[in-house]
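The structure under discussion appears below in the form of structure tokens.
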Amino acid sequence: MLFDDYNPLEKKQLQILDPDGKVVNKDLEPKIDDETLLKMYKIMRLSRMSDEKALQYQRQGRMLTFAPAMGQEAAQVGPMAASEEKDWLVQAFRETAALLYKGVTVEQNYLYWYGNERGSRYDDGVNALPVNVPIGSQFSHAAGIAYAARYKKTGAAAVAYIGDGGTSHGEFHEGVNFAGTNDLPVVFIIQNNHYAISTPRAAQTRAATLAQKAVAYGIPGIQVDGNDPLAMYVATSEALKRARNGEGPTLIEAVTYRMGPHTTSDDPTLYREDSEVEEWAKKDPIERFNKYLANKKLWNKDKDEALTKEYKKTIKNTFKKVEASEHPTVDEVFDFTYESLTPELKRQKEERLRDIEESEAK
Amino acid sequence: MLFDDYNPLEKKQLQILDPDGKVVNKDLEPKIDDETLLKMYKIMRLSRMSDEKALQYQRQGRMLTFAPAMGQEAAQVGPMAASEEKDWLVQAFRETAALLYKGVTVEQNYLYWYGNERGSRYDDGVNALPVNVPIGSQFSHAAGIAYAARYKKTGAAAVAYIGDGGTSHGEFHEGVNFAGTNDLPVVFIIQNNHYAISTPRAAQTRAATLAQKAVAYGIPGIQVDGNDPLAMYVATSEALKRARNGEGPTLIEAVTYRMGPHTTSDDPTLYREDSEVEEWAKKDPIERFNKYLANKKLWNKDKDEALTKEYKKTIKNTFKKVEASEHPTVDEVFDFTYESLTPELKRQKEERLRDIEESEAK
Amino acid sequence: MAEITLLNAINKTLDQQMENDENVIVYGEDTGYEGGVFRVTAGLQKKYGKDRVFDAPIAEGAIIGSAIGMAANGLRPVPEIQFSGFMFPGYNQIVTHMARMRNRSRGKYQMPITIRMPYGGGVNALEHHSESLETLFAHIPGLKLVIPSTPYDAKGLLTAAIKDNDPVIFFEPKRIYRAFKQEVPDEEYTVPIGKAKVVQEGDDVTVVAWGAMMKDTLKAAKRLEDEGHSVEVIDLRTIAPMDSDTVIESVKKTGRFVVVHEAVKTLGIGSELISRVNEGAFFHLEAQPTRVTGFDITIPLPKGEHHQTVSEEKIYKKLKEVATFK
Amino acid sequence: MAEITLLNAINKTLDQQMENDENVIVYGEDTGYEGGVFRVTAGLQKKYGKDRVFDAPIAEGAIIGSAIGMAANGLRPVPEIQFSGFMFPGYNQIVTHMARMRNRSRGKYQMPITIRMPYGGGVNALEHHSESLETLFAHIPGLKLVIPSTPYDAKGLLTAAIKDNDPVIFFEPKRIYRAFKQEVPDEEYTVPIGKAKVVQEGDDVTVVAWGAMMKDTLKAAKRLEDEGHSVEVIDLRTIAPMDSDTVIESVKKTGRFVVVHEAVKTLGIGSELISRVNEGAFFHLEAQPTRVTGFDITIPLPKGEHHQTVSEEKIYKKLKEVATFK
Ligand SMILES: Cc1ncc(C[n+]2csc(CCOP(=O)(O)OP(=O)(O)O)c2C)c(N)n1
Ligand SMILES: Cc1ncc(C[n+]2csc(CCOP(=O)(O)OP(=O)(O)O)c2C)c(N)n1
Ligand SMILES: [Mg+2]
Ligand SMILES: [Mg+2]
């Protein structure tokens, strides 16, 4: 129904909350309980603030390369709020807000980008795969997870992310198609943030929308205002309903914008105009949602200031903790290659331990 | 225009010649000169007869594994007749009729499947890539060829083939998309012969048609009766017009049927009903075209019998020649690894020559 | 206990493992309804249903990638790659994810995946159907690679692979799929991954081979024995992790070493074995360690393939040369 | 003649080759407008236009596959892979087509393609950004693989690669992209593919390295020289086809051999070099040939990467051990 009404081939895009925080599509406004609405907002703020702070640290030479999610928080928090704990998050690499919503801590996220694999061992019960660096390769993981979920009748679905650039990859095609033929419970979300590093969306494909790529797999596709958390919530809810009903996967294009650099190694002024960034700043997902909550009397300036203060503190303390954390040990870098060390690896590990001993003896 | 009228999303399929050889779409009947019409017919016959004969030889243990094109001749000869000598053929591996039309000889084709690379060195001036075994990987070759053609302003386009199974492959996606973003002069033809070895078309993708996959790339797609040489001619002509006009690639789905086994190693009775094969026999492209030519007074039974006799003889003589051909020499298997032999390969080649000498001395 | 072929042993093992563990899922191109182009999975879909045995679209990336997802979510997938020469589109998943997921997640997600693929030449096949690509797996940390040379080992190694919590590549020597029969117990048993097998003890020279090359190697060794030389023959069985210790022990005894493989010479498994023999038994070496391998060329199409074949004769000659070297 | 960095040398060479040959086409992910994530192709699109320098969609398969088509139709494409760890999706094209098209077509289609890719660790990078994957190319018949260690060689080897009628993988040691400057002639010149370079002559021990490891190797050798040992240092420069003859000649002289590489140990280039040294200089060896390499593990993320690093100290220790072995 929703997917019939918002056919990307007819250039339709789903929006519920406009940039001013006004509900422009009353019929589709989801009934989300207050607690969840506040969680969504808070996670968006936490994600944004942790990105901003990490950027600062990075400029001070204290943080390593990372990929900020700034600007894309709604596209991540909406779908996570629409899904259940048992559902799986299969991320690309820019899904800070989605991870935080799912139960990954800022500490874990920082630790990972700080260069320690320990940060990508999310707690048991957090159904999320680690950061996926090879572009496009994660969609078939989501299909496999969904296959197992259906096979084991857990009722869970997978929610998987990819970027606009990722849709050009062969593995995007294979993953969605595989899920399609098997009618698997997956929601595929493209975060079209208009760039793949320096390469604009238009250079990735001649298709007018990325949502229309769904046609290739015989599944529904929808283009959504990706800076509107309510629209993202609604589209994902509908897609999850399909998924749980055995109707198969759905493809959602979240139209959003990467407000920061690609990663901290990137200089976006090389390839995009400030004016473009400013235009998108006006459509910021957090401000928009703030106004919505204020209109609903769920939030106000005082609360916001208190939250800012609290998060500033915890983020700072968290980063300090990460900076003080033990670097990966010899055990850690060797012992997870296989379930148990092979004879050759045992020798190599001993060699490494000997080297350390010798250099410490000096 | 044609591609608007035959939108695969509206379940339209282009047919001009029906299974009885009657023109059912007078407006679109192409004006092909008699010589070309006869060439098309003769190549279809030659392809069919050479396949049938090779199957016989294979059962006698004289021919190795090969992939017969039987049933798919129209889908191959139509596009070749529509294209020019300067255009490139990028085959998959079941394009006997297309190759023959393009100027590859039965002898070369036989020699290749007989297990000799010499058979895949087509003559200079025959713009065709060799057989492409890794499924799906050839579409980006076509894109690259087209890129070079446009860059060098030769006016040539590329016509590339793939099977229904091949459309599931990531490299199908990458190749078409790459051609799309660059507006390259390529015609992508899917021969949907309903099976990928034993796997039916429906198991490859949930999409109702393969032509609709064009939507994913923002290019036109059309489903064509692939057993109708005129429809294939017309669709390809239109696509080539677009290509040469700089309008970019087109995706054509030729709906056809593999009348024989996948390859001679395959036993199709394991996975499909005889009745299905019989149904498709009624739609045979050669008979259909024969009737069309007869109606046009271009062909008759006597001519047909004479042709059969002639081809029987040449095919038999050709195969004898192939059987008598020299097997690949040591030079041949070593010398084409690089432009010139590396020192190590020189040593290895000498070792091989010594081995032969010694075993011959015995 | 019945006399069965290597192919049959694999089929029965898949059957047994599916019977014993409902988490075992089998799929691939033509693997379901037809039971595989070699009929290795014949009968399984009928017995276990389409949920557990199915036909995948032609997309090796998705075949391996989905297995990674299944494994992360508790299954033990046994995907098939139709021929090892077609693993390349799935190689990205194998190297960048399957081999690394345990390490990346610091042990949270293990990858109990067994990828079956027929490999090797000598069957008059088309291009890309005759490759021996051991190196491309053995070079990658996190992967295991096993190759049986007998029906008995095929069952034992495949059982061990499916039960292993790490990803195992299971190469099937298609040239000997149906070449001979052997008694194979009906009960479940494993052949340990990571252990080479001394097939025949001897004192004068050590020769290591695996897979389809075992037969020719044993024949060549027999000829040498008949001429009065004592040959120690080792079936490497597991290529990764490589049991070089067994090989080194043997070379310490014999002082002479020959490795045999179908794969191309440069950076074939032989290069690593020779290096390890150097590292472990250098001062025992009485002759230079030597390899009998394919040449560094593309496997020719059938009519030229004999130029590339590692024949019994070739092995015999090299063995003799090394055994009699003074 | 100007003093320039290795990165700058590559940029200037691309410029010169594009200037001299209109068939040279440069493209890849972010290679066009931005000039590459490392700015190696900076300025080229502006100078030569979008037809000759462009941004490709993220699809390594199509990037290499289209280069194959371009080459078949007369161009000399120089595609870029953003990091060597992302070559896997293009590896199918590299192995199954690019390396074989000349042979498959019996010489009709040659493949004058140069694939540039930054490689190697030590730059605090994300996962998959630090790999050394030499083996995966050097094992494949039909491919060439070169790795410069200086700005001078970068220009000479890249020029030779672009002019070569066979496919060449051009590894760029990104750790030393901007590490130092060297005088590089403005005129066109080539450094021959397939020729190792004796960087420093010596009598006591031979050490072979390449790429970013050259600097550390030379420093380690210097320390050893200071202690009175004479070290012959060879920059392999071309990994495939491997100039083992130069190495063997050297080992015949020194009797001792050490190979250094960043890549994992098992089946690293060292294994092949040791095997060839065995084959060519076995009876000259006075100590066991040895390798200093990465461990057989996934390259750790930055905070653990030091465990995997092949340091000057490590090379020095091994060189000393081998040089002084009695
Ligand atoms: C297979 C592969 N190729 C190249 C890269 C290098 N790379 C990292 S991010 C990126 C751009 C991704 O763009 P997009 O998918 O739009 O995601 P975004 O960064 O915008 O979130 C590229 C090319 C990679 N990680 N993997
Ligand atoms: C990458 C790859 N995977 C698997 C195969 C084995 N294989 C050969 S043909 C074929 C089926 C192809 O089906 P389709 O594309 O429909 O072409 P058709 O055979 O029907 O002409 C398969 C799976 C292959 N050649 N390449
Ligand atoms: Mg993007
Ligand atoms: Mg088919």
Side-chain angles (χ1 to χ4, degrees), chain B residues 88 90 116-124 126-127 129-134 136-152 154 156 158 160 169-171 173-182 184 186 328 332-345, chain D residues 22-23 25 27 51-52 54-75 77 89-90 92-93 95-97 99-113 141-144 164-167 193-194 238 240-245 276 279:
Chain B
W88 283 72
V90 178
N116 191 326
E117 290 83 351
R118 222 177 296 142
S120 67
R121 194 215 193 287
Y122 309 144
D123 295 348
D124 293 343
V126 173
N127 286 343
L129 291 189
V131 161
N132 183 95
V133 173
S137 55
Q138 68 276 25
F139 267 22
S140 58
H141 304 171
I145 284 174
Y147 195 99
R150 188 181 58 189
Y151 179 73
K152 297 192 295 175
T154 65
H169 215 278
E171 299 219 31
H173 176 76
E174 294 193 358
V176 182
N177 191 57
F178 186 94
T181 28
N182 287 290
L184 296 176
V186 195
E332 281 177 300
V333 302
F334 277 90
D335 293 2
F336 295 106
T337 308
Y338 299 96
E339 188 169 31
S340 56
L341 280 177
T342 66
E344 174 64 23
L345 271 178
Chain D
E22 64 175 16
N23 288 327
I25 304 283
Y27 63 108
D51 247 26
R52 295 187 64 192
F54 64 96
D55 288 323
I58 306 180
E60 287 78 9
I63 289 173
I64 311 296
S66 60
I68 290 167
M70 290 181 194
N73 202 4
L75 302 185
N92 186 42
Q93 291 289 346
V95 176
T96 72
H97 292 306
R100 290 163 170 248
M101 192 59 90
R102 174 189 293 280
N103 184 63
R104 183 184 296 147
S105 68
R106 284 294 184 253
K108 182 174 178 187
Y109 297 116
Q110 45 188 27
M111 292 283 120
I113 300 169
L143 296 182
K144 298 181 178 178
D164 203 292
N165 285 328
D166 285 314
I193 294 178
T238 301
M242 195 179 278
D243 181 8
S244 37
D245 293 347
R276 293 199 186 186
E279 283 157 4

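Each chain gets a letter, A, B and so on, in the order its sequence line appears, and its residues count up from 1.
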- Message: A side-chain contact here means heavy atoms from C-beta on lying under 4.5 Å apart; do B:Tyr147 and D:Phe54 qualify?
- Response: yes
- Message: Need one label for D:Met101: side chain, backbone, both or neither, based on atoms under 4.5 Å from any heavy atom in chain B.
- Response: side chain
- Query: Non-hydrogen atoms of chain D under 4.5 Å away: do they reach the side chain of B:Val133, the backbone, both or neither?
  - Reply: neither
- Measure from the side-chain N and O atoms of B:Tyr338 to the backbone N and O of D:Leu143, and report whether any donor-acceptor pair falls under 3.5 Å. yes
- Message: If I measure from the heavy atoms of chain D, does B:Asn182 come under 4.5 Å with its side chain, its backbone, both, or neither?
- Response: side chain
- Note on the structure: Shortest non-hydrogen pair, D:Arg104 vs B:Pro130, comes out as CD-CB, 3.7 Å
- Indicate the atoms forming the closest heavy-atom contact of B:Gly175 with D:Ala62, along with that distance. N-CB, 4.5 Å
- Atom NZ of B:Lys152 and atom CD of D:Glu22: how far apart are they, to the nearest 0.5 Å? 10.0 Å
- Apply the test side-chain hydrogen bond (donor to acceptor under 3.5 Å, both in side chains) to residues B:Gln138 and D:His97: give CA-CA distance (whole Å), side-chain angles for both, the deciding distance (0.1 Å), then the verdict. CA-CA 9 Å; B:Gln138 68 276 25; D:His97 292 306; over 6 Å; no
- Message: Is it the case that the side chain of D:Ser66 and the backbone of B:Ala143 share a donor-acceptor pair, with hydrogens and angles ignored and the cut-off at 3.5 Å?
- Response: no
- With a 4.5 Å heavy-atom cut-off, do D:Gln93 and B:His141 have their side chains touching? yes
- Query: Taking all non-hydrogen atoms of both residues, which atom of D:Gly69 and which atom of B:Ile145 are closest, and how far apart?
  - Reply: O-CG1, 3.3 Å
- Query: Heavy-atom distance under 4.5 Å to chain D: side chain of B:Phe139, backbone, both or neither?
  - Reply: neither
- Using non-hydrogen atoms and a 4.5 Å limit, figure out which bit of B:Ala149 sits close to chain D: side chain, backbone, both or neither. both
- dist D:Ile64:CD1 -> B:Ser137:OG (nearest 0.5 Å) comes out at 13.0 Å
- Task: With a 4.5 angstrom heavy-atom cut-off, could you sort out which part of D:Asp245 is near chain B: side chain, backbone, both or neither?
- Result: side chain
- Message: What part of B:Glu344 gets within 4.5 angstrom of chain D, counting heavy atoms only: side chain, backbone, both, or neither?
- Response: side chain
- The interface call for D:Pro141 against chain B, heavy-atom contacts under 4.5 Å, is both
- Query: Looking only at heavy atoms, which two atoms of D:Ala72 and B:Trp88 are closest? And how far apart?
  - Reply: O-CH2, 3.7 Å
- At a heavy-atom separation under 4.5 Å, does D:Asp166 approach chain B through its side chain, its backbone, both, or neither? side chain
- Honestly, the part of B:Thr181 sitting under 4.5 Å from a heavy atom of chain D is side chain
- Message: Less than 4.5 Å to any heavy atom of chain D: does that hold for the side chain of B:Glu339, its backbone, both, or neither?
- Response: both
- Item | Between D:Arg100, D:Gln110, D:Lys144, the one whose heavy-atom pairs under 4.5 Å with chain B are most numerous | D:Lys144
- Message: As an exercise: rank B:Gly170, B:Ser120, B:Ala142 by heavy-atom pairs under 4.5 Å with chain D and give me the winner.
- Response: B:Ser120
- Might you point out which heavy atoms bring D:Lys108 and B:Asp123 nearest each other, and give the distance in Å? NZ-O, 2.9 Å
- Query: Between CG of D:Leu75 and OH of B:Tyr151, what distance do you get to the nearest 0.5 Å?
  - Reply: 7.0 Å
- Which heavy atom of D:Asn103 sits nearest a heavy atom of B:Val333, and at what distance? OD1-O, 4.3 Å
- Query: If you count heavy-atom pairs under 4.5 Å with chain B, which of D:Gly61, D:Gly142, D:Pro241 comes out on top?
  - Reply: D:Gly142
- CZ on D:Arg106 to CZ on B:Phe336, rounded to 0.5 Å: 6.0 Å
- Going from CG on D:Asn73 to CG on B:Asn127, what distance comes out if it is rounded to the nearest 0.5 angstrom? 7.0 Å
- Note on the structure: So, the part of B:Leu129 with a heavy atom under 4.5 Å from chain D: the answer is both
